[in-house]
Amino acid sequence: ALCAALGKYDVVHFHAEGPCAMLWLPKLFGKRCIATIHGLDHQRAKWGKFASTYIMLGEKCAVKYADEIIVLSKGVQKYFEETYGRETKFIPNGVNCPEIKSADLIKKEFGLEKEKAGVKEWYDGFTFGTCCDIYNPWSVLNFLDSRKFGTYWANTSSNRLVGKVIREGNSQVKEVFEQLLQGLTIKYPIEEQIVYNQLEENEDAIWSLLVASGYLKVVSYERMELVGFKEVLYELQLTNYEVKRMFYGMVRDWFTPAK
């Protein structure tokens, strides 16, 4: 707080109630001060009497001296209003899950009613958390511009790394890849923190790479109780027809003689 008070800063941002106990200091030097209250920390059981008292002091300093107070929940906002009559700004962490809407724009704005099912087959299939039926915006926009289906997103890169690890993989990798091209699903554990070196040490890591890159989607998962540890198996499938066409073209090129 002292460094902020003496430094060449326009705004000083305090996080949590405890640090706000020193908010008055930069305010004394003419700085604008903002306090973000993550929660009513003085009410938490983990703090002793002295700590709770100090944190409560921070809360009162924020109320008295802060130019703006930001809260993360409606409950805390109500508390400041009822307890101190202090107005706060409600800015929650994260965002609400977006409302899933049907692709009626294709019908209403572009007169492409008969292509609606094709757009879903080609460019739908992405998921984000619990939200599904997410379309690839780059491919959809290119389709609306050209009125032709194509591998727009898949062709934004050479896909050389993916092709290399599949082509140089063992027979099991190729057999599993063939199942995916046939529209079937596969079950494998997924390593979220996949790094390039793992591809050489563990060929099954290719499926984690394909999930992280958007080429595979998670259909379902199940938790397995194994001896000494727990394992999660994910049911995976090619994301959509655009991805399938991209891989078809990749395999075809492998067997096409160079000119």
Side-chain angles (χ1 to χ4, degrees), residues 1-100 126-132 134 189-198 205 208 211-212 214 217-218 220-234:
L2 180 60
C3 292
L6 299 177
K8 296 181 180 180
Y9 307 111
D10 298 319
V11 179
V12 182
H13 194 172
F14 287 81
H15 283 266
E17 290 186 327
C20 287
M22 298 301 295
L23 187 146
W24 59 271
L25 185 57
K27 188 66 179 176
L28 185 65
F29 284 79
K31 303 293 193 299
R32 289 182 59 81
C33 296
I34 297 175
T36 293
I37 307 300
H38 297 264
L40 303 179
D41 295 335
H42 61 86
Q43 297 181 356
R44 303 189 193 282
K46 66 178 181 178
W47 300 118
K49 184 176 180 180
F50 175 80
S52 296
T53 302
Y54 182 83
I55 293 172
M56 190 64 182
L57 173 64
E59 179 178 295
K60 292 182 181 298
C61 281
V63 170
K64 185 174 182 179
Y65 298 111
D67 293 282
E68 294 287 352
I69 296 178
I70 298 171
V71 296
L72 310 184
S73 72
K74 289 290 187 180
V76 174
Q77 186 176 46
K78 182 179 180 181
Y79 167 83
F80 275 88
E81 182 179 356
E82 294 180 349
T83 306
Y84 303 105
R86 177 63 196 258
E87 181 181 351
T88 59
K89 304 295 184 182
F90 172 56
I91 305 178
N93 285 333
V95 296
N96 294 328
C97 188
E99 179 184 356
I100 305 300
F126 294 92
T127 59
F128 188 83
T130 58
C131 299
C132 56
I134 298 176
I190 294 300
E191 175 58 56
E192 295 183 4
Q193 306 299 327
I194 181 70
V195 294
Y196 181 77
N197 290 342
Q198 289 180 263
S208 298
V211 171
K217 64 181 178 181
V218 175
S220 64
Y221 67 91
E222 58 179 324
R223 301 184 185 276
M224 307 289 291
E225 294 286 345
L226 303 177
V227 179
F229 66 97
K230 298 180 180 180
E231 181 75 280
V232 180
L233 284 182
Y234 294 87

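Source: prediction; values computed, not measured.
- Residues in residues 21-39 take part in these side-chain hydrogen bond (donor to acceptor under 3.5 Å, both in side chains) pairs, two or more places apart or across chains: His13-Thr36, His15-His38, Lys27-Asp67.
- To the nearest 0.5 Å, atom CZ of residue Phe14 and atom CD1 of residue Ile69 are 12.5 Å apart.
- Legend: salt bridge (charged side-chain N to carboxylate O under 4.0 Å, His left out) pairs involving residues 88-97, not counting sequence neighbours, sorted by first then second residue: Glu87-Lys89.
- The stretch residues 4-25 participates, sequence neighbours left out, in no salt bridge (charged side-chain N to carboxylate O under 4.0 Å, His left out) pair at all.
- The side chain to side chain contact (heavy atoms under 4.5 Å, CB included) check on Tyr84 picks up Met56, Glu59, Lys60, Val63, Tyr79, Phe80, Arg86, with sequence neighbours excluded.
- Listed by chain and residue number, Glu235 satisfy the side-chain hydrogen bond (donor to acceptor under 3.5 Å, both in side chains) test with Ser220 (two or more places apart in sequence, or in another chain).
- Within 6.0 Å of atom CZ in Phe29, more than 12 heavy atoms from other residues, nucleotides or ligands are found, so the atom counts as buried in its surroundings.
- Heavy atoms only, all atoms of each residue included: Pro26 and Ala5 are closest at CA-CB, 3.6 Å.
- Looking only at side-chain heavy atoms (C-beta outward), Val218 and Thr127 stay at 4.5 Å or farther from each other.
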Between side-chain atoms of residues 43-52 and protein atoms elsewhere (two or more places apart, or another chain), which donor-acceptor pairs fall under 3.5 Å?
from: Arg44; atom 1: NE; to: Asp41; atom 2: OD1; distance (Å): 2.9
from: Arg44; atom 1: NH2; to: Asp41; atom 2: OD1; distance (Å): 3.1
from: Ser52; atom 1: OG; to: Gly48; atom 2: O; distance (Å): 2.9

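- Lys78 is linked by a salt bridge (charged side-chain N to carboxylate O under 4.0 Å, His left out) to Glu82, counting only residues two or more places apart in sequence or in another chain.
- Residues satisfying the side chain to side chain contact (heavy atoms under 4.5 Å, CB included) test with Lys74, not counting sequence neighbours, are Gln77, Phe90.
- A distance of 10.5 Å separates CG of Leu25 from SG of Cys61, quoted to the nearest 0.5 Å.
- Put simply, the side chain of Val11 does not reach to within 4.5 Å of the side chain of Cys33, judged on heavy atoms.
- In this view, Phe126 and Ile134, Asn136, Trp153, Thr239, Asn240 satisfy the side chain to side chain contact (heavy atoms under 4.5 Å, CB included) rule, not counting sequence neighbours.
- Every residue two or more places apart in sequence or in another chain was checked for a ring pair (Phe, Tyr, Trp, His ring centres under 6.0 Å) with Tyr54, and none qualifies.
- The OH atom of Tyr234 sits 9.5 Å away from atom OG of Ser208, with the distance rounded to the nearest 0.5 Å.
- Considering all non-hydrogen atoms of both residues, Gly39 and Val76 come closest at CA-CG2, 4.4 Å.
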